[in-house]
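For reference, the structure discussed in these notes is given below.
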2 protein chains.
Amino acid sequence: MAIRPAEQLIHKAAWLYYAHGLRQDQVASQLNISRASVAMYLRKARETGIVNISTSTQLFTDDVLARKLEDALGLDAVWIAPENDHIADPSTEIAVLAASVFLELVKKGDRIGVAWGRTVYMIADIMSYADLQDVTVVQLCGNLGAPYSYRPDQCTMEIARRLNAKGLNFYAPLVLSTEELARALRAEPVIREQLSGVGECDLALYSVGAVDADSHLVKCGALTSGEMAELRSRGAAGVIAGQIIDAEGEVLDCSYNRRVISAELASLRAIARRLMVVQEDSKFEPLFAAIAGGLCTHLVVGARMAQRLLDHAAATTEKAS
Amino acid sequence: MAIRPAEQLIHKAAWLYYAHGLRQDQVASQLNISRASVAMYLRKARETGIVNISTSTQLFTDDVLARKLEDALGLDAVWIAPENDHIADPSTEIAVLAASVFLELVKKGDRIGVAWGRTVYMIADIMSYADLQDVTVVQLCGNLGAPYSYRPDQCTMEIARRLNAKGLNFYAPLVLSTEELARALRAEPVIREQLSGVGECDLALYSVGAVDADSHLVKCGALTSGEMAELRSRGAAGVIAGQIIDAEGEVLDCSYNRRVISAELASLRAIARRLMVVQEDSKFEPLFAAIAGGLCTHLVVGARMAQRLLDHAAATTEKAS
DNA sequence: CACGGCTCTCGACAAAAGTCAAACTGGGCA
DNA sequence: TGCCCAGTTTGACTTTTGTCGAGAGCCGTG
């Protein structure tokens, strides 16, 4: 298959149509092909990111609630997805919004850290294609060998594919059975290099996990629901990039965390823009912990969650004063 | 006129249509308005930059000639507009390309320096709207009081308007009648501040002028064609931001230059990305001078000019070795 | 060299989007 | 109050775009 000429044609058709504003039949006669082909090329151009159609997400930041949250929580930017009556599926709405926001935040030459989870994969899946060169997507934590389609490496690869970027995933398990082995593996040059490269990312994308029996950590067999409950009683508040954090957003001191292969929280905090997306209302506590720990600078949530965060923040401030 | 609700509706319609991929009639029924209104809102959304449709300009950099030029002239990126048989108007083609390239180079928060000229104004005029916040467009040189529509301040303002950005033009004449007055005016705080702010720009957009009787400097009465000819014989090779440069791209030592109010070449060179656009084949000499003087990092030209530049560069290198 | 299997292309039809003049709305003003 | 104006909104119409199945070219294979 001759890739070049086809690609060229797609580019040319897209250029004449979108940049010059010609109609499809005019493009067709310029390129000496049928109008139907032009229509097909244009679809391909949109699908591959040769043309980019992006809508401003201002509508969702340009909101009193969003402003208040930014102030109250010290965040750089907050986007709030509406959750009223006729929004069919709030969690999809949040993902669509997050995908747009993400694409708005990505710049050429960026290095992007991506974690795992249903939310992240859903965003990847919804996200439209873009043609960024010189972008690298790196995986923030080890893999879980589960049958889920949203394994860390899947998330990384899918996002890389969408952006036409380079995907850098690392093939280590997320959790090992002994601390010793984890330590040894972390010291491996390949792994160490990748982990230390996390701090050089320009942008991170992740969600936060809940500490309960529904957690992927439990579903994938990394922890039993009993262990999870025990960790919870010892102060576990959420899961970030496979690590368990406490209510202050610090790594919980426990065997599990010491057996994990993942980017250190300090490296995550070193990333200038950290986009956190939370779909489920039930993840209030984990989210608050993550914010408390400074693990997020940009936030996409639903309206109900936004209100709860604001109420809680206000209550905390009041108590403090 | 209630601006808010209308704006909101435009945003919502654009969001549902472009981000969610609904059809116009579906959007209409969601928002309880007629489909015709949706169509109108969508047009407004495109016109105001609420939705951005951009086509990759890769086609024009992804070219052997462009690569060679980048290497030969030490430029960061070169775009070449085709000029074959059925391109109706090469100079428009160059401007359309330049507008796309410019929009691709602009980032949020940028400070952009803009010079004057037919080319720059044409780009501004063709350029689609975008909704960049936190962008500032500054004028690089003083005004000419001519009846042209492409006065420096017009260029600045139009580009600022298109980007939804802040325009900072300065109201000083480009040329004064005495060196003394020019010196005094340059020392004025308002002017000095703006001139010194040029170095802090992230991106510059300009073209280069020819040193002949057709030059705007002559047409606007800043110089007579006789003076122009004399300057030419003394080594003048081109005009950048209202200043006359020699073949090495340095300011020519002459009374005219000392009477000009404009950004110093050193400040221009301090701008990280300098996008130069040249439409006319006749501007070969001025362009080569500008490149020699390091006044451009990104270049948009036509195919013929590109070839001439490459040939000349090759000849020069050969002679040197 | 004939044969599937493959992708690419085209014509024709169906669906969607653009357009325009007429109707409507709400706010300012006599 | 009633009238007028400027700007919206709409239904009906036209133009443009999307899609689908048929056919054409292409290649490796038996």
Side-chain angles (χ1 to χ4, degrees), chain A residues 1-56 58-59 62 86 88 96 100 126 128-131 161 164, chain B residues 1-56 58-59 62 86 88 96 100 126 128-131 161 164:
Chain A
M1 175 170 54
I3 303 177
R4 274 299 115 193
E7 281 264 298
Q8 281 271 95
L9 267 184
I10 295 179
H11 263 102
K12 281 187 185 172
W15 183 254
L16 291 172
Y17 187 77
Y18 287 107
H20 281 266
L22 298 187
R23 285 197 320 269
Q24 293 189 357
D25 51 359
Q26 296 176 298
V27 175
S29 69
Q30 276 254 344
L31 301 179
N32 275 93
I33 50 178
S34 76
R35 203 192 51 72
S37 297
V38 173
M40 194 204 56
Y41 287 150
L42 293 180
R43 181 157 38 73
K44 278 194 183 167
R46 284 186 301 259
E47 278 169 2
T48 56
I50 288 172
V51 318
N52 240 17
I53 304 188
S54 63
T55 68
S56 155
Q58 236 203 77
L59 176 60
D62 205 21
H86 51 253
V96 171
S100 280
I126 276 176
S128 59
Y129 289 74
D131 196 13
R161 198 171 71 82
N164 212 335
Chain B
M1 176 172 54
I3 303 176
R4 275 301 115 195
E7 282 264 298
Q8 281 271 95
L9 265 185
I10 295 179
H11 264 102
K12 281 187 183 172
W15 183 252
L16 291 172
Y17 187 77
Y18 287 107
H20 281 267
L22 298 186
R23 287 197 319 267
Q24 292 190 357
D25 50 1
Q26 296 177 298
V27 175
S29 69
Q30 275 254 342
L31 302 180
N32 276 94
I33 50 179
S34 75
R35 204 189 52 71
S37 295
V38 173
M40 195 205 57
Y41 287 150
L42 292 180
R43 181 160 37 73
K44 279 196 182 167
R46 284 186 301 260
E47 278 169 0
T48 56
I50 289 173
V51 318
N52 241 17
I53 303 188
S54 63
T55 69
S56 156
Q58 236 204 79
L59 177 60
D62 203 21
H86 50 253
V96 171
S100 280
I126 276 175
S128 59
Y129 289 74
D131 195 14
R161 198 172 70 82
N164 212 335

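Note: hydrogens, waters and symmetry copies are ignored here, and every other heavy atom, side chains too, is used. A note on names: the letters A, B, ... follow the listed sequences, proteins ahead of strands, and every chain is numbered from 1. Here the structure is a predicted model, which means the values were calculated and not measured.
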Audit row: B:R161, B:Y129, side-chain hydrogen bond (donor to acceptor under 3.5 Å, both in side chains) steps and yes/no: CA-CA 8 Å; B:R161 198 172 70 82; B:Y129 289 74; 3.1 Å; yes
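- A:S37 has a side-chain polar atom (N or O) that falls below the 4.0 Å cut-off from OP1 or OP2 of C:dC10.
- Scored by the side-chain contact (heavy atoms from CB on, under 4.5 Å) test, B:Q58 finds A:H11, A:D131, A:Q133, B:S56, B:D62 as partners (sequence neighbours excluded).
- From B:T48, atom OG1 reaches atom CG of B:N164 across 8.0 Å, with rounding to the nearest 0.5 Å.
- Checking the phosphate oxygens (OP1, OP2) of D:dT9, a side-chain nitrogen or oxygen of B:Y41 falls inside 4.0 Å.
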Write out a two-atom table: protein N or O, nucleotide N or O from nucleotides 24-26 of chain C, distance below 3.5 Å.
none

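- Rounding to the nearest 0.5 Å gives a distance of 11.5 Å between CD of A:Q24 and CE of A:M40.
- Residues B:L31 and B:Y41 fail the side-chain proximity criterion, which asks for heavy atoms closer than 4.5 Å.
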For nucleotides 13-19 of chain C, just jot down a letter per nucleotide in 5' to 3' order: B, S or -, based on protein non-hydrogen atoms under 4.0 Å. ---SBBB
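- Note that CG of A:L42 and OG of A:S37 are 10.5 Å apart. Values are rounded to the nearest 0.5 Å.
- Within the 4.5 Å cutoff, no side-chain heavy atoms of B:Q26 are placed close to those of B:L16.
- If you measure from atom NZ of A:K44 to atom P of D:dG18, you get 15 Å, rounded to the nearest angstrom.
- With contacts defined as side-chain heavy-atom distances shorter than 4.5 Å, the pair A:Y17/B:T55 does not qualify.
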